[in-house]
Structure formats: C-alpha cells, structure tokens
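Report on the structure given below.
Per chain, numbering begins at 1; letters A, B, ... match sequence-line order. Quick note: numbers below take in every heavy atom, side chains included, and nothing from hydrogens, waters or symmetry partners.
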Protein chains: 2
Amino acid sequence: MDNYNDHKKILLAVDCIIFGFDNQNLKILLIKRNFEPEKGRWSLMGGFLHTDENLDDAAIRVLNQLTGLHNIYMEQLRTYSAIDRDPVERTVSVAYYALINITEHTAEINENYSAKWFNIDEAPDLIFDHKLMVANAMLRLRRRALSKPIGFELLPKKFTMKQLQTLYEAILGETLDKRNFINKINALDILLKTEEKDMNSSRKGSYFYTFDEEKYKFKVSDGFTFRL
Amino acid sequence: MDNYNDHKKILLAVDCIIFGFDNQNLKILLIKRNFEPEKGRWSLMGGFLHTDENLDDAAIRVLNQLTGLHNIYMEQLRTYSAIDRDPVERTVSVAYYALINITEHTAEINENYSAKWFNIDEAPDLIFDHKLMVANAMLRLRRRALSKPIGFELLPKKFTMKQLQTLYEAILGETLDKRNFINKINALDILLKTEEKDMNSSRKGSYFYTFDEEKYKFKVSDGFTFRL
DNA sequence: TCAAAAGTGTTCACCGTACACCCATGG
DNA sequence: CCATGGGTGTACGGTGAACACTTTTGA
C-alpha cells in the first residue's frame with residue numbers, strides 16, 4: 001500500500017536559537033546571511049542535515065562551525081514545515097535552542113561569520129519564519145528555567161547570587177524579591193558557596209557560588225525535582 | 001558559502017500516536033503493517049510528507065485516511081532522526097499525538113487497515129523507534145493534562161465525574177481522591193452540570209456534565225490558566 | 001432491607017509571598 | 001563618616017492533601 005519510491009524527498013535543515021547572558025540582558029546570537037536568498041539580512045544560524053548524522057549532531061555541528069564552541073547545552077525545539085517558508089526550495093527546518101555563557105567564551109565566538117549578539121528585545125527582523133522560532137524558544141526557555149537548572153548553562157562557573165537573580169529576571173521577564181529568591185535557591189541545596197568574593201560589584205564584595213552538578217544529579221536520582 | 005544544491009534530500013514521514021479512552025483504560029491505536037519492511041508487525045500510523053502540504057496537514061491526512069476521522073486534537077511531539085531508524089532508507093519522522101474519544105467514534109474507525117486499540121501497558125512490540133515515540137507522547141500527555149483541559153478530547157460530550165476522574169487516573173497513572181478531585185474540577189468552574197443522569201453505572205444514577213468551552217475560552221482570555 | 005455507587009465539607013500542615021533593616025567596605 | 005550594594009528572617013494567608021459518612025434506588 002505504501003511504497004518508499006512514491007514519495008518526494010525534501011531538504012531538511014536545522015536552525016539554532018542561541019541564547020546568551022552578559023550579566024545584564026538575555027541575548028541571542030544572529031548572523032548576517034552571506035548567500036541568497038535574503039543575503040545580507042539577519043538570520044538564525046542554520047545548515048542542512050547531512051546523510052551521515054542525525055539532527056542533534058547536525059545542530060551541534062552547525063553551532064560549532066559558526067562559533068567554535070563544544071559541549072553546549074542544546075535541545076530540540078520543534079519542526080517548521082510551512083510550504084513556502086523558504087522561497088527558493090521546499091525546506092523543512094528543525095529548530096534547536098542552545099545556551100551559552102558568553103563571558104567565558106567571548107574569545108571563541110567567531111566573528112568571522114558576521115555573528116552578533118542582540119538583546120532579546122532589540123533583535124532585528126529575521127528571515128523566513130525565524131522570528132516565530134525565537135518566540136517559541138523563548139517560551140520554552142521560560143518553562144525550562146522553572147523546572148530544570150538550565151540557568152547555570154548561561155552563567156560562568158563562578159557567579160554571584162545577584163547574577164543568578166538578574167538572569168532569572170531576564171528570562172522570566174519580571175523582577176523578583178531578593179530575599180525570596182535566595183531563600184528558594186538555598187532551599188534547593190544545589191549550590192556551593194566558595195570562599196571567594198567578587199570585589200568588582202561593590203565595596204563589601206559578594207560571594208561566588210558554583211553549581212554542584214554532582215549533588216544535583218544525586219538528588220534527582222533520589223526523587224528530587226528542581227522547581228523554582 | 002552554503003548552497004542548496006550541495007545537500008541531499010531525504011524522506012520525511014509523520015507518525016501518529018493516537019490515544020483513546022474506553023471509560024476504563026487509556027489506549028493507543030496501532031496498525032499491522034502491510035508492506036515491507038517489518039510487514040506484519042505492529043506500528044504507529046504513519047505516512048510520508050507530500051510536497052503540497054505541511055506536517056500538520058500530513059498528520060491530519062494520515063489520521064483521516066486510516067480512521068475516517070476529522071477534527072481531531074493533534075499536536076506535534078518531536079522529530080526522530082537516528083540514521084538507521086528505518087532500515088530501508090534514511091527517513092526522518094515527525095511524531096504527532098492525537099486524542100480521540102472512542103465511544104463517539106467507534107463506528108468511524110476503520111478496521112480495514114487492521115487497526116486495533118491496545119491498552120497502553122499491554123501494547124505489543126513496535127517497529128523502528130515507535131516505542132520511544134509512544135513513551136515520549138505519554139510524558140507529554142501527562143504534562144498537558146495538568147495544564148490544559150485536553151482530557152475532554154478523550155471523553156464523550158456528556159460524561160460523569162467518575163468518568164473524568166478515571167480518565168485522569170489513567171493518564172497520570174495514580175489513583176486520586178474523589179472528593180479532592182471533584183473540588184478541584186468544580187473550582188475551575190468550566191463544566192456545565194446537565195439535568196440528565198447516567199443510569200447505567202448505578203441505581204442512584206450520576207449526573208452528566210459537559211465541558212463549557214465558551215466559558216473556558218472567556219476565562220483564559222481573562223488571564224485564567226487551567227491547572228489541575 | 002441491603003448492596004453499590006453517588007455525593008458532599010472540614011481540618012491541618014506546609015509553602016509561597018510580602019516585607020525592612022543591619023553589615024561591611026573603600027573612598 | 002557616608003554611600004553603596006550585600007546579606008539576612010519572620011509572619012500571614014492560601015492552597016493542597018487527608019479524611020468518612022449519608023443518600024438514593026433497584027433488586
């Protein structure tokens with residue numbers, strides 16, 4: 001009844017919504033397209049699926065090619081298939097979103113490709129349906145931030161409570177009460193307070209914390225669920 | 001730098017995880033495959049993407065072809081792309097899940113295609129990565145059931161509180177306290193109690209309710225969020 | 001009259017939220 | 001000594017969970 005040969009094959013692409021945090025604002029990394037169509041306009045980082053890789057690998061490859069980064073948190077978002085989403089040829093695109101901590105990787109992010117960070121609310125118009133992808137990624141990020149400790153992917157290894165709170169405020173788009181926020185975080189019991197202080201932000205200095213991934217994993221395997 | 005012609009096209013399929021509820025158990029609809037490979041084994045309902053339709057339309061078409069049903073709740077789940085997931089040819093598949101109320105549509109569901117309902121925990125082995133798809137769909141269904149009133153998609157228009165509770169117990173995989181459940185549902189204030197009673201389940205009879213979609217939509221537009 | 005399912009409220013513990021003052025330090 | 005950001009605790013109300021008895025009616 002169904003035969004593989006009866007069906008047209010089509011191009012499969014991946015597009016990456018790359019989030020970063022500069023201790024102030026949530027940002028996305030965009031590139032200026034250097035090929036047609038829509039050459040010169042801003043776009044998500046994308047590429048086509050190769051036959052010897054799966055989609056996750058393709059997304060990792062694309063991200064690596066355009067930023068030089070390895071070991072980045074990525075997650076499949078959803079697949080976009082509007083018939084005319086790409087004017088040149090029928091292309092279905094699988095969107096991924098990635099979280100990068102900008103501060104530790106500034107050097108590695110390759111500016112050769114005209115890549116540039118934009119504040120999430122100051123991003124330029126994007127080609128195709130990329131704006132929709134970003135909007136969906138933003139919603140997903142918000143949900144995830146409340147149910148998984150993904151925030152730490154966006155921060156340097158050592159960070160202050162203030163940084164963490166500012167990040168969550170940027171992601172959630174609302175201000176949070178300092179005491180309640182710290183109480184919640186401490187109740188989770190997945191951070192290590194270091195001896196070290198950040199002396200740049202204030203005269204008193206504020207302690208650096210690190211995310212205790214071991215402890216977190218152990219607690220999860222013990223039935224614990226992160227919930228902010 | 002990137003050229004559309006440099007890239008191989010591949011087959012794109014959709015596979016549907018179809019959930020139903022028979023007032024007792026949560027079920028999925030499977031078909032016995034009548035073509036190679038894996039002919040004769042159980043499988044999700046699937047088909048290939050046509051060039052003149054998007055993925056949502058393809059999923060709707062596949063579902064309609066194999067069940068005769070229209071206007072079914074469907075949602076894209078995620079995309080599966082392991083290199084060797086289909087032994088015949090590289091195929092990427094986008095999974096959708098659908099919710100059907102069995103009781104009102106028994107007649108329409110076409111048995112010509114060897115389609116059969118299985119209890120979710122008594123389903124046979126499935127081809128390819130379909131088992132993984134079902135597991136993911138189940139997780140998604142659980143999450144959705146708590147945050148959107150999708151349960152009503154699985155029930156007849158008129159249903160009793162008992163039915164509703166049994167459904168939620170089946171979805172969540174745990175028993176619920178009758179009083180707490182009813183209190184919660186009533187607090188949501190999105191059901192209409194009819195005058196009519198179901199006299200089959202007991203001598204006393206139990207009232208039928210209907211989901212008040214108008215009211216629900218109004219409340220949502222007013223900032224209300226469903227939360228069980 | 002009895003069996004079987006329907007229907008109905010209250011109490012309590014915990015969690016989330018609101019809220020304000022002192023501390024340490026460098027200039 | 002003062003200005004700036006860092007750090008800390010409590011009280012209250014609301015929500016979620018535990019829990020048992022009465023009602024109806026057909027057989």
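Looking at the side chain of A:Arg203, the nearest of the listed nucleotides D:dA27, D:dA17, C:dT25 is C:dT25. Which of D:dT8, C:dA18, D:dG6 sits closest to the side chain of A:Asn180 comes down to C:dA18. Side chain of A:Asn183, nearest nucleotide from D:dG9, D:dT8, C:dA6: D:dG9. Set against C:dG7, D:dG5, C:dA20, the side chain of A:Lys178 has C:dA20 as its closest nucleotide. Out of D:dT8, D:dG7, C:dA6, the shortest distance to the side chain of A:Arg179 is found at D:dT8. Here the nucleotide nearest the side chain of A:Ser202, chosen from C:dC19, C:dA6, D:dG6, is D:dG6.
Residues B:His130 and B:Leu44 approach most closely at ND1-N, 3.0 Å, considering heavy atoms.
When the P atom of D:dG7 is taken as reference, atom CG of A:Asp177 falls 15 Å away, rounded to whole Å. Rounded to an integer number of Å, the gap from A:Lys204 NZ to D:dC2 C1' is 16 Å. Residue A:Gln165 contributes atom CD, which lies 12 Å from atom P of D:dG7 at whole-angstrom precision. Taking atom CG of residue A:Leu176 and atom P of nucleotide C:dA18, one finds them 11 Å apart after rounding to whole Å. C:dA5 atom P lies 13 Å from atom CG of B:Asn200, rounded to whole Å. When the C1' atom of D:dT25 is taken as reference, atom CG of B:Asp198 falls 14 Å away, rounded to whole Å. Regarding B:Tyr207, its OH atom lies at a distance of 8 Å from the P atom of C:dG7, rounded to whole Å. In this structure, CZ of A:Phe159 is placed 15 Å from P of D:dG6, rounded to the nearest angstrom.
Residue contacts for A:Lys184: at a heavy-atom cut-off of 4.0 Å it reaches the sugar-phosphate backbone alone, with no base atom in range.
No side-chain heavy atom of B:Tyr97 sits under 4.5 Å from any side-chain heavy atom of B:Asn136.
Aromatic ring centres of B:Tyr209 and B:Phe159: separated by at least 6.0 Å.
Summary of the strand contacts: B:Arg227 and B:Lys197 both lie near DNA chain D, and taking for each the nucleotide with the nearest heavy atom, the more 5' one is attributed to B:Arg227.
Seen from the ring of B:Tyr207, B:Lys197 counts as a face-on cation partner, given the 6.0 Å and 45° thresholds.
Salt bridge present: B:Lys219 and B:Asp189 bring a charged side-chain N and a carboxylate O closer than 4.0 Å.
Here A:Lys162 does not reach the OP1 or OP2 of D:dG7: none of its side-chain N or O atoms lies under 4.0 Å away.
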